Asks: 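Here it is, the structure, as structure tokens.
Quantities reported herein were computed from a predicted structural model and do not represent experimental measurements. By convention in this document, chain letters (A, B, ...) are assigned in the order of the sequence lines, proteins followed by strands, and residues within each chain are numbered from 1.
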2 protein chains.
Amino acid sequence: MKDNTEEKILDAARKVFITKGLDGARMQEIADEAGINKALLHYYFRTKQNLFDAVFEEAFFKLIPHVVNLLTLDIPFLERIEKAIDKYFDVINANPFIPLFVLHEINRDPDKLASLLKKQGVNPEKLKLIVEAEVKAGRIIDIRHEHLMLNIISMIVMSFAARPLFQRMFFENQEEQYEEFLKQRKQEITRFVINSIQKK
Amino acid sequence: MKDNTEEKILDAARKVFITKGLDGARMQEIADEAGINKALLHYYFRTKQNLFDAVFEEAFFKLIPHVVNLLTLDIPFLERIEKAIDKYFDVINANPFIPLFVLHEINRDPDKLASLLKKQGVNPEKLKLIVEAEVKAGRIIDIRHEHLMLNIISMIVMSFAARPLFQRMFFENQEEQYEEFLKQRKQEITRFVINSIQKK
DNA sequence: GTCTATATGCAGATAGAC
DNA sequence: GTCTATCTGCATATAGAC
């Protein structure tokens, strides 16, 4: 049952790599998690690095296409922002450990990125034009698309990446309280952004 | 020359641990970086974990006190925000790898946090009262201090944590262009926050 | 395709001379 | 306090039987 096994391995590898990183992960733990033998991992992927690369690439593309295509839907701009935040927040909420994982591994080996970005054909040009048009038309304040983009992504991503810290600092480590906080968060970020860029 | 050596070790350990993390770091590399022998590391700190803990604690406290005390200066609130962003941005700019390092390691071992937070006596109560007072007085929009705090920190921290990604996505990996972007960023974040919370 | 057993290398840690 | 040499264990990877 080749396909099934390969899928089981990838599921297990995802789980272990994303929480522990490349260096922290153990092939033994991945094998256990997959309910198979260690040698079988090498039969399917030959090296730890290969297995990791498969997981990383998948995670990366779960994160990035949204990031750029977020704001290019064909509806009024402020609604678009709202929709984009809504969508991206849900994606990260479903994969809360991916941003930190990707950021950490990119930091470890930044050059790996170049080829991946080319592969995907990520191109922020369209976003740039849209934002500039909105500014020129006087519908939003004068802001570069890079700042706007980074601000939105930052607030969404950090809601999850900084959770262990914030939950302890502000909510006495109460899971339920932080869950409640997260439920407000999407709306709060939207309001924060809209308030900030719309003309008075 | 005991003191000197211990300081050299800590300098080297800081450098290596903060860029590679606990799992990715090698005692040999730290020894090389310090210009001493591997055995000497163990003479001074006995275990890798001990050495790491020293580095981590230091990094953590470089990050955190600011985070909470940021907004409690005794000047008008919006000015305070400005000053706080200014100060915190400079701190992170001087230590750009620390946030990701701390977040990653907290994720690896969240329980380590409890004791550290107690040690420091971090208490966001004062911040809470201040923000609530401003809201009640009608000087800013109705916002919880946790959201405000997280928003500000997010935008500052991610300016550096996501640099390898953003520099490649938006600036064709040109160092100078991203440096230029960073120079605008402090002012941009300030404007973004003030715009968002001040009453229309 | 899956397993058990094993080779290989390396990292953390210690012993002991100076 | 600092070094060289060495031990120990463990993690990745391979060999080979089924």
Side-chain angles (χ1 to χ4, degrees), chain A residues 1-59 97 101-102 104-109 111-112, chain B residues 1-59 97 101-102 104-109 111-112:
Chain A
M1 55 187 195
K2 179 186 194 310
D3 286 357
N4 198 347
T5 300
E6 185 161 345
E7 210 30 67
K8 272 197 299 184
I9 291 177
L10 278 170
D11 286 346
R14 210 175 290 129
K15 203 182 239 174
V16 175
F17 276 132
I18 285 178
T19 52
K20 312 212 164 172
L22 171 60
D23 296 318
R26 294 292 160 248
M27 293 297 264
Q28 184 61 59
E29 188 179 352
I30 295 174
D32 292 347
E33 181 75 36
I36 58 160
N37 193 279
K38 223 175 28 159
L40 207 51
L41 296 180
H42 288 94
Y43 175 80
Y44 277 93
F45 291 89
R46 214 179 78 255
T47 67
K48 181 186 183 182
Q49 186 66 47
N50 280 348
L51 181 53
F52 175 82
D53 287 346
V55 169
F56 180 83
E57 184 161 332
E58 187 195 64
F97 296 105
F101 167 70
V102 169
H104 179 253
E105 298 300 336
I106 285 178
N107 232 277
R108 240 184 42 85
D109 181 7
D111 291 330
K112 189 165 50 182
Chain B
M1 57 187 193
K2 180 186 194 306
D3 287 358
N4 199 345
T5 301
E6 184 161 345
E7 210 33 65
K8 272 197 298 184
I9 292 178
L10 279 170
D11 287 346
R14 211 174 290 129
K15 204 181 233 171
V16 175
F17 276 132
I18 286 177
T19 52
K20 311 213 165 172
L22 171 60
D23 295 319
R26 295 291 161 250
M27 293 297 265
Q28 184 61 59
E29 188 179 353
I30 295 174
D32 293 347
E33 181 74 36
I36 58 158
N37 191 277
K38 218 175 34 157
L40 208 49
L41 296 181
H42 288 94
Y43 174 80
Y44 277 93
F45 290 90
R46 213 179 77 256
T47 66
K48 181 185 186 185
Q49 186 66 47
N50 279 348
L51 181 52
F52 175 82
D53 287 346
V55 169
F56 180 83
E57 185 162 330
E58 187 194 64
F97 296 106
F101 167 68
V102 169
H104 179 254
E105 298 300 337
I106 285 178
N107 231 278
R108 240 185 41 85
D109 181 6
D111 291 329
K112 188 166 47 183

Asks: What integer distance in Å separates B/Met27:CE from C/dT14:C1'?
Replies: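 Interatomic distance, CE of B/Met27 to C1' of C/dT14: 13 Å.
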
Asks: Return the value, rounded to whole Å, for the distance between atom CG of B/Asn37 and atom C1' of D/dT6.
Replies: 13 Å

Asks: Where the side chain of A/Lys48 is defined as all heavy atoms beyond and including C-beta, which of D/dA13, C/dG12, C/dT14 is the nearest nucleotide?
Replies: D/dA13

Asks: Measure the shortest side-chain to side-chain distance between B/Leu22 and B/His104 over non-hydrogen atoms and say whether it is less than 4.5 angstrom.
Replies: no

Asks: Which of these nucleotides, D/dA11, C/dA11, C/dG1, is closest to any side-chain atom of B/Arg26?
Replies: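 Nearest listed nucleotide: C/dA11.
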
Asks: Between P on D/dT14 and CZ on A/Phe45, what's the gap in Å once rounded to a whole number?
Replies: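 Spelled out: CZ on A/Phe45 to P on D/dT14 is 15 Å.
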
Asks: Starting at atom CG of A/Asp23, determine the distance to atom P of C/dC10, rounded to an integer number of angstrom.
Replies: 16 Å

Asks: Would you indicate what A/Ala31 reaches in the nucleic acid, counting non-hydrogen atoms under 4.0 angstrom: base, sugar-phosphate, or nothing?
Replies: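 Nothing, no nucleic acid heavy atom in range.
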
Asks: Figure out the CD/C1' separation between A/Glu7 and C/dG1, and round it to whole Å.
Replies: 17 Å

Asks: Take B/Lys20 and A/Arg108 through the test side-chain contact (heavy atoms from CB on, under 4.5 Å) and record every step on the way to the result.
Replies: CA-CA 6 Å; B/Lys20 311 213 165 172; A/Arg108 240 184 42 85; 5.9 Å; no

Asks: Check this one for me: any side-chain N or O of A/Thr5 less than 4.0 Å away from OP1 or OP2 of C/dT2?
Replies: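 For C/dT2, OP1 or OP2 has a side-chain N or O of A/Thr5 closer than 4.0 Å.
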
Asks: Take atom OH of B/Tyr44 and atom P of D/dC3, then tell me their distance rounded to the nearest Å.
Replies: 10 Å

Asks: Would you mind telling me which of A/Phe101, A/Phe52, A/Phe97 makes a ring-ring contact (aromatic ring centres under 6.0 Å, His included) with A/Phe17?
Replies: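 Looking at A/Phe101, A/Phe52, A/Phe97, the match for A/Phe17 under the ring-ring contact (aromatic ring centres under 6.0 Å, His included) is A/Phe52.
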
Asks: Just the rounded figure in Å: distance from C1' of C/dA5 to CG of A/Leu40.
Replies: 16 Å

Asks: Find the distance A/His42:NE2 to C/dT8:C1' and express it as a whole number of Å.
Replies: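 In whole Å, C/dT8 C1' and A/His42 NE2 are 13 Å from each other.
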
Asks: Output the distance between atom CZ (B/Arg14) and atom CD1 (B/Ile9), rounded to the nearest 0.5 Å.
Replies: 12.0 Å

